[in-house]
Structures are given as structure tokens and as C-alpha cells.
Amino acid sequence: MESLEYRECLIELIYQLADDDFLLAYRGSEWLGLAPHIEEDVAFASISQDLMGHAALYYGLLEDLGEGKVDKLTHDRSPEQFRNAILVELPNGTGTYLEDPSYDWAFTVVRNYFYTLSKKIRLDSIKKASYEPLQQIVQKISIEMSYHMMHWEVWFNQLINSTPEARRRMEEAVKTVIEELGGVFSYGRFGDRMVRLSLIESEEVLKQRWITYLNKEVAKEPLTMKQGNGRNGVHTIHLANALDTLSEVYKSVPTAEW
Amino acid sequence: MVSEKGSLFYEVYEVFSKKTDTSALQHQFSLLAPNQELAFIMAKENFFRREQVADIWVVKREHIKRMSQEEKEALNHLEKNYRETKGYGYLKKKWRQYEQEQLTEKDIMGGGEG
Amino acid sequence: MEISTNERMDHFMNRINDGEKIEADDWMPDDYREALIRLISMHGISEIMGALPEKEWVPKAPTVYRKLAIMAKVQDEMGHGQLLLRVAEDLMEPLGKNRDDIMKDLFSGKLKFHNVFHMKAPTWGDAGVIAWLVDGAAIISQTMMLGTSYGPYGRALKRICAEEVFHAQHGESIIMSLAEGTKEQRALLQDSINRWWSSLLMFFGPRTNAETGHSNQDKNMRYKLRTKTNEQLRQEFLTKYVPRVWALGLTIPDPTLRFDAESSEWKYQQPDWEEFKKIVTGHGPKSKERLALRVQSYEMNSWVREALGTCRISKVTR
Ligand SMILES: [Fe+2]
Ligand SMILES: [Fe+2]
């Protein structure tokens, strides 16, 4: 490894990639059994598994870099230590997955579509130049990206072009997602150094690619991070709640193997 | 008889696949989807999330002519030995009379290949 | 030429007795169709309802590996529901019904689901016991029906059984970790076994009609939809799992449970069949909540069906 600075920035970037996928996989898993129809339930569950699997690969790399065991990284960090964008920690709707879940399929489609596109752009950038073990993982993950893209793109295009009610719901969801999408493109306080050290291209370049891929019609509002920058450890209460759920059993018997 | 339904629902698509590039197309199962595009996306993870697959086809069921039981039973026919190899079994003995072995199916089909 | 119903029926029974498979478009007597619809829609909707108790444990699973595995398992159960409901839907089509009607029958209580999925699953131990023993029980009844006279059901079961092997091993793996774990983990597991025991006995249904007043065993056997009785299946289950539970140093909450060498049969305390009747008619500890969850999912997504659905009119031609 080149320098302490390089190592620090690299670890930071991997946490961002890992925590994004981990939290969105969790949000996806809450939909199990509740999707709009059974066939979609099965398809969506595959994507959530893929995301969790991608997160596990990144956490494995962090483990190799001396950050601690994968299960500790996923089940025993405080919310401020998480580096995910706020967009992926937001709940699927009101209620919880156990009680009175009133979930919004439009929000889920838009969040996943916009996120998947930004993830693909990020991964493509890392593939060009970065830390080699990370590049190898990204190569692997990319294999599964085309299904994710196709899946969410079809849902997005079909719903936004159907009934007036569906269009209204989708447009509302687009607004909500765009408000936090800036956080996905941010690299947080280490951003400049990450770019300088060629771990990834700049936020602006990636953002521009994202806007170019979607037509101007969809991405007409500026991408912001209304509730703060998750990359710097700023989060909503929803992350703390999610982490409580995710680690409930893990923490119930501290010395146990599961 | 046509009955009006209050709520909207999806339609049946049949799913076919090839395991490898060289294998024959095989029927897998059916699913419900609103249209062909979504049917295809559902098909992949509903039926091929574990097994290897090289190609997937989805076809709207109403576009397939299926057979009734009567039609299926009409597929049966009387034996027609004259167009089967079993109608020519006696040749084996014949060739022996000429101190020759009858060419087997493999010999006949074998062509130039060793 | 008019074929009489009797002739058709004879021909049909001959096909069944010759081991031929009946297909969706073949002629079949009404009560065969009815028996299939009852059996398969109940089986299918039980898979869907069965996803709910396990789903509770998906995010909470204690390691990333377990999180992935249980997610895959719940996904499979939804997939089983998909396969089975498709088979049931094709049988219902001539009656002008579709999946929407199945869901509405579930919501109204007309369509029942398996007793085990009305029960609480309050700990991670339950996630293990469900996958090991509930799926273990399901495997026994599903493999028995693999040879069913109805072709599409057999094909769905074949796909399902292939996945059940993973489910069983996923369950074994969880309970093995708990059994070999700390005092607390062993206690968790023992608790779950105690909690699930009577539900597991009930899973196969009553021995005779006397216990609940009705049973479709006889007709289903005549039509070769099944080949073994409820009691035979339960005995198989006990033979397979009781020695394994004991071998792990766990107990079963039935002091009378023993294998009787003379009759070569397990003797056990009958579960409360009155309770069984209550549970399956929607009065179990979790019946209302789980149904409410299904209704909610159906309603919150109705706009998606309205947006993309295409078949407003269903043609009934037969
Ligand atoms: Fe199942
Ligand atoms: Fe199962």
C-alpha cells in the first residue's frame, strides 16, 4: 500500500460502497412477501440477495485490510460509523416490515433504478483505475448489474408511461429520490483526495454521466442531499432503527457463534 | 359466455429455455405478467435463479395452439413397420448367409468420421 | 357421436389406474377438478403465508451468511407459491376464476392455509426449527405426492422438492449452531422445539375423519393424488426426526413418546384436534395479523395492477 493517506481514503471508499449495498439490501428484504405480485416478489428477492452479496464482498476486503470481521462490521458499528448515503436508509414507506407496512412501490422502483444506474457508473469508473483488489471485486459485481438495470428500468418506464395515477405517484417518487440522490454521488470529506489518488473519478464527472444517461425530462431538478451527507456519518433516525433490527439477534448473546 | 370482471389482472405466459447453446428448447413453466417485457424479467429469476441457462423464451399462452384430449388421442396410429428399422430385422440373417455383417445404424450414419 | 358421462368417467379412471398423467386441458370429472383445486390452492397459499413467519427473521438473522440464506429460503417459498398457484389457476380457469379470486377467497376465510403458519415465531430458534422440522414435514408430504395423477402438479412438486433439500440443510445448519452454542442458545432451541411440537404433529392432519369430522384422504387416494395416509406420513416424520432431536441432547415435550417395537409404530400423545380446528379456521395466535399483512400488501399495490393489468374481461367458453 502506497501511503497512510491512500489507505485511509481507500478504506473510506470501500465503506461507502459496502454500506450503500448493505442498507439497500435490507430495505429490499423488508419487501419480501409484500411485492405487487408473486412473480415480482421472487425477482426482487434475487436483487436484494445480490446486493447483500456485493456488500459482503466489500466487507470481506475491509476485513483483509484489518478493519475487523465481516459480521462485526455489519452488526456492531454505531450509526455515525456508517458511510452510506441517506437515500438508501430511508424506509420503504410508513409502518415497519412487521407491523402495518404501508410501502410505496413507486418510491422503491425510482430509488432502485436511480441507485442502480449510479452504482453502475461508479463501478465502471473504479474498473478503469483504482486499488487492484477492489477492481477485482468490482469486476465480479458488474456481472450482476445488467439484470438489476434491466429489471428496474423496465419497471420505471412502464409505470411512468401508464395510467395518470401511476404517473403521479412516480413523479412524486422521483422528486423525493432526487432530493437525496446527491448523497449517493458524494464521497464525503475525503472526496478530493480519493480523486487525486485515482481511486475513482470525480463526483461531477459521474453525476454528469448519470444525467446524460437519463433524459433531461427525468433529471431536471438538481441532485441534492436534503437531510445531510451520510458519507460524513450524518444519518437519520431510520438508520439507527434499521441497525437495531439488523443486529438484534447478533447482540443478544455477545459471545455466541451463529 | 363472457363474464365481466371488476378488477384488472395479468395474463399467462409460457416460459421455455435452453440449458446450453446446443441443447433443445424445453418448456419450463408458466407465470403471470402484465406484458411480454415484464414476463421475461420475471421468468429469469422465477425459474433460473439456480440452474444454468443459455436462452429464455416467453410466449403469451393465448398465442399457442394446444391440444384437447381428443386431439391427443388422435395422435395414435397403427404400427407402420415398413418405415421403421424393426421392419428390416431379417436382413441380419441374410447377410450372414453371404458371410457379411449387416451394417449397423452407427455404420450407416458414421460417414467419414472415425 | 355422444359419449355418455359414464363412459368418460370409466375412461378417466382407467387412465388414472394405468398411471397416465392428466393434463389441464383433458376431460376430468368435476369432483376431481374440485379436489385438485382445494388441495393445490391450499398448498400454494400456504407457501405464500408460510413466507411471513420466516420473513420476520430475514433482517434479524445474526450473520451476513445467515441473512443471505434465509432470504433465499423465503424467496423459494414465494416461488413455490407461484408454481402451485399457477397450477391451481389453470384448473380454475374454466370456472372463470383467476389469482385475484384465490386472494379474495383467502381474505374472506374461504381458502384456508396450513396450521403451522398461524403460529408465532418469536425467536431466532423458531427460524431454525421451521426450516428443519416444518420443512422436514413438508418434504415428507410433498415427496409422497410427486407421483400424483395430475401432471402439472407433479411437475411443480418436482421443482419444489429440488429446493427443499437446501431448506432442510439451511435449517439443520442453524439448529446445529444453536445446539453446539452457549447455554442461552441451547435454551433458545429447546424452547422452540417445545413451542412447535404439537403444531408439527398436527401438520399431517388427523388420523381419521373422527378427529375433525371431515377429511379428503379417501377421495384423494382413489384419484391417486396421494398414496399414503396422514398417519403413515406422521410416522415417517417421527422416525426421521425424533432420534435426531434426541441425539442432539434435546427433549421432546411428550413424556409418552416412544417407538413401540411390537406394532412397529411410534406412540405419542395426540395433539388437541379441537385446537387444530380452531387454528385452521383462522383463530390461531397469528392468523389475524398474518392475513392482515397479506390484505395490506394486496391493497397498497392495487394501483400497480390497475396501471399494468390487461385482462379486465375473462372469457368463459366451456
Ligand atoms: Fe415450500
Ligand atoms: Fe421449504
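Residue numbering restarts at 1 for every chain, and letters A, B, ... go by the order of the sequence lines. What's counted below: heavy atoms across the whole structure, side chains too, no hydrogens, waters or symmetry copies.
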Quick check: do [X] and [Y] have side-chain heavy atoms less than 4.5 Å from each other?
| X | Y | answer |
| --- | --- | --- |
| C/Asp90 | B/Arg61 | yes |
| B/Phe9 | C/Leu308 | no |
| B/Phe47 | C/Leu83 | yes |
| B/Leu32 | C/Glu89 | yes |

*Is chain B contacted by the side chain of C/His80, its backbone, both, or neither, given a heavy-atom distance below 4.5 Å?*
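For C/His80, no heavy atom lies under 4.5 Å from chain B.
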*asked:* Please classify the contact of C/Ala156 with chain B as side chain, backbone, both or neither, using a heavy-atom distance under 4.5 Å.
replied: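 Answer is both: backbone and side chain atoms of C/Ala156 are under 4.5 Å from chain B.
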Heavy-atom count around [X] [atom1] within 6.0 Å, excluding the residue itself: above 12?
| X | atom1 | answer |
| --- | --- | --- |
| C/Tyr65 | OH | no |
| B/Glu51 | CD | yes |
| B/Glu73 | CD | yes |
| B/Glu105 | CD | no |
| C/Asp30 | CG | no |
| C/Lys158 | NZ | no |
| B/Lys93 | NZ | no |

*Mind running salt bridge (charged side-chain N to carboxylate O under 4.0 Å, His left out) on C/Arg8 and B/Glu70 for me, showing each step along the way?*
CA-CA 12 Å; C/Arg8 283 195 136 152; B/Glu70 284 76 14; 3.5 Å; yes
_Please give me the minimum heavy-atom distance between B/Gln69 and C/Trp27, naming the atom from each residue._
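Reported closest heavy-atom pair: OE1-N, 2.7 Å.
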*Intermediate values then yes/no, side-chain contact (heavy atoms from CB on, under 4.5 Å), C/Glu23 and B/Arg66*: CA-CA 11 Å; C/Glu23 292 297 326; B/Arg66 293 173 298 161; over 6 Å; no
_Looking at B/Ser30, is its backbone amide N or carbonyl O close enough to the side chain of C/Gln82 to form a donor-acceptor pair, meaning the two atoms are under 3.5 Å apart?_
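Looks like yes, one N/O pair under 3.5 Å.
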_One pair to check against salt bridge (charged side-chain N to carboxylate O under 4.0 Å, His left out): C/Arg86 and B/Glu14. What are the steps and the verdict?_
CA-CA 11 Å; C/Arg86 278 298 317 118; B/Glu14 296 290 350; 5.7 Å; no
_For B/Leu31, which atoms come within 4.5 Å of any heavy atom of chain C: side chain, backbone, both, or neither?_
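Both parts, backbone and side chain.
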*Salt-bridge criterion met for B/Lys72 and C/Asp26 (N-O under 4.0 Å)*: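 Salt bridge between B/Lys72 and C/Asp26, a charged N being under 4.0 Å from a carboxylate O: yes.
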*What residue in B/Arg49, B/Gln28, B/Glu45 has the most heavy-atom pairs under 4.5 Å with chain C?*
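Highest number of heavy-atom pairs under 4.5 Å: B/Arg49.
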_Pairwise distance CZ(B/Arg50) to CG(C/Asp76) - rounded to 0.5 angstrom_ =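 B/Arg50 atom CZ to C/Asp76 atom CG measures 4.0 Å (nearest 0.5 Å).
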